[in-house]
Amino acid sequence: MESLNLHLEHLRFDGGDSEGEEQIFKSLDGVLQALAEDKHKTSSLIAESDVLPAFARLLQSNPLCAVKAAEVLAEIAKNEEMKTHCIDAGLVPVLIPLLDSTDQEMLLHVGRAIGRICYDNNDLQEQLVGAEVITSLVRIMSNYPDNEPLVRVNLLALSNLADIDTAKQALSKTRVAEHLVHQLRAANHHEKVEIILEVLHTLAENDALKSQLVEAGIQEAIVEILQRLQDSSKPEDVCSLKAASDLIVSLLLGDESMQQLFAEGNGVIYQSVGTWLASKHTQLQLTGALAIANFARNDSNCVRMVQLGIVRQLLDLLEQHVESGDVSVQHAALSALRNLAIPVANKVQMLDEGVGQRIQMLLRSEMPPVQFKLLGTLRMLMDGQADAAEELGQDPVLLHRLVQWCDSNDHAGVCGEANRLLASLLRHSCSQEVVKAIQEAQAMKHLVSMATSEHAIMQNEALIALAIASAVNLEIIKDTFKEAKLVQNIHKLLQDESTGPEVKYNSIGLLCSLLNSGDLRKEAEEDKMKETLEKLCGHINGNVAKQALMAVQILNEEHRLFEP
């Protein structure tokens, strides 16, 4: 290491004449060689020698030696322990202006040095963005698109900086999107593809950049990648395929970019969805289903996709995964169907296509995410569809499964959705036969429990469903109501000051129906319900007050004969 000490000494006290420059070159080469032989020991000697300020002088005042000095610094900065020494020597502010150089070798070494020194240092990275390094990186990539090492350094720098919001804002004012798309299409090595996709994924978190990427044709480039890699089993290709798929989904999360990609069903992503859904590749199936689910955030898109026949393709995909299928694919396909079922016009067509029956194949699924999404999809289909609700509401297999899920304490979400579907079947069918079927399935008690849920939406759905059931066929369910102490539960809701006006209104509406039963009316009288209702006649909410007055009037009616 004696020769290294001499080299470091020369660098510390370099002269300005031509003979001195020659010695500087030799010393810089000597340091490079020493770093290659023993990086750790050499770095320690560099730190102890206090030579780094000399590099700052070389970079600023000696153009002939600057490139070699930048190369040495890039190697020094590979050592994690040397980063702080480089920062303390003030090297970063000296390196930044050199990004304006037209010397490609200089740009390469400066980019490496800056990237390594600033890696994982938020404060320094913010300084770089503030110094308009983003503009320099994009310009370099634009000026030298065929210089692979230089492009790679710039991509890595963008990858490190792109997480910063100010960097994304700066990038949105450049033409980075078209340069990245060009590089992605030209990339013929998985490592470069992976780096570009990583940068793109980070940029796609910004809505403005999402739209710019779509305008630059990123979708065509991604479709090409998926098509090229879909039959490969190489780990690196599988990884790139997943990264490309994830980028599609990220682009679709923006409302504007999603509409740009849909293009009324003519966009290349939507045009590829059918192929992906029919693929044997699970990742492509998932990408296709997620794409449909995201396109379906817009009602006009939903109508268009149903017209184009996407429902059948989603159902075919689901049927492939019934037995030991991929949970993610099932969940995504059901999400797509649920979103498609939101427009009223689609409900009718989807039910005509047999969606209600075909997705019941998933009732035997033991996967909570699938169960949850299945129930939500069925509930959305039933909304306002009396005939479908009446048919499904009498299906013994469905009702048996709903009762099982209502009894489950392991998954609150599934339990809640099962209850909500039960309530929906009653609300939308208004059918005596459905009331009878739900009663025979021993499911009515779950709706009583749902009426006391901590979620107001679920409470109201249950109360309305129970009121409809009571109005339609009170006789066959009154004993269940007595066992479940429905009257007493209603009374508690009315007495509780934290109960919202809508819940109180619907509770009194249900009570009015229950008072048609002599037994239940007697329970209300014994529980001193009248006193609570009289207080509610003065409620601040006018609807609650009117409803309470009506119930008091019913209770004040003279004794009459009731059905036994």
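With a 6.0 Å radius and a threshold of 12 heavy atoms from other residues, nucleotides or ligands, Tyr144 has its OH atom above the threshold. Atom CD1 of Ile457 has 12 or fewer heavy atoms from other residues, nucleotides or ligands within 6.0 Å. By the 6.0 Å contact criterion, CD on Glu80 is open, its count of non-hydrogen atoms from other residues, nucleotides or ligands being 12 or less. Annotation: Met367, atom CE; neighbour count of heavy atoms from other residues, nucleotides and ligands within 6.0 Å does not exceed 12. Under a cut-off of 6.0 angstrom, the local environment of CD in Gln227 is sparse, with at most 12 non-hydrogen atoms contributed by other residues, nucleotides or ligands.
Shown here for Ala170 and Thr174, the closest heavy-atom pair between the two residues is O-CG2, 3.4 Å.
Under the 3.5 Å distance criterion, with hydrogens and angles disregarded, a donor-acceptor pair is assigned to the side chains of His321 and Gln285. Checked by atom type, the side-chain pair Asp410/Ser408 shows no donor-acceptor distance below 3.5 Å. Judged purely by distance below 3.5 Å, without hydrogens or angles, the side chains of Gln125 and Asp163 never pair a donor atom with an acceptor atom. A side-chain N or O of Glu198 and one of Ser159 form a donor-acceptor pair less than 3.5 Å apart. Side-chain polar atoms of Thr42 and Glu37 form no donor-acceptor pair below 3.5 angstrom. With hydrogens and angles left out, the side-chain atoms of Ser27 and Gln23 include a donor and acceptor closer than 3.5 Å. A side-chain donor-acceptor contact under 3.5 Å links Thr166 and Glu126.
Ionic pairing of Asp100 and Arg139 is present here: one or more N-O contacts between side-chain nitrogen and carboxylate oxygen are shorter than 4.0 angstrom. The pair Glu353-Arg312 does not count as a salt bridge, with every side-chain nitrogen at least 4.0 angstrom from each carboxylate oxygen. Using a 4.0 Å cut-off between a side-chain N of Lys or Arg and a carboxylate O of Asp or Glu, Arg358 and Glu319 qualify as a salt bridge. Checked for salt-bridge contact, Asp383 and Arg379 miss the test: no charged N lies under 4.0 Å from a carboxylate O. Between Arg297 and Asp255 a salt bridge is recorded (basic side-chain N to carboxylate O distance below 4.0 Å). Look at Lys210 and Glu256 and you find no salt bridge, because none of the NZ, NE, NH1 or NH2 atoms lies under 4.0 Å from a carboxylate O.
Phe295 and Phe262 have tilted rings, their planes meeting at an angle from 30° to 60° on a 0 to 90° scale.
The backbone N or O of Ala162 lies less than 3.5 Å from a partner atom in the side chain of Lys168, making a donor-acceptor pair. Using a distance-only test at 3.5 Å, with no hydrogens or angles considered, no donor-acceptor pair links the side chain of Ser232 to the main chain of Leu229.
Put simply, the residue from Gln104, Arg112, Glu105 that forms a side-chain contact (heavy atoms from CB on, under 4.5 Å) with Leu108 is Arg112.
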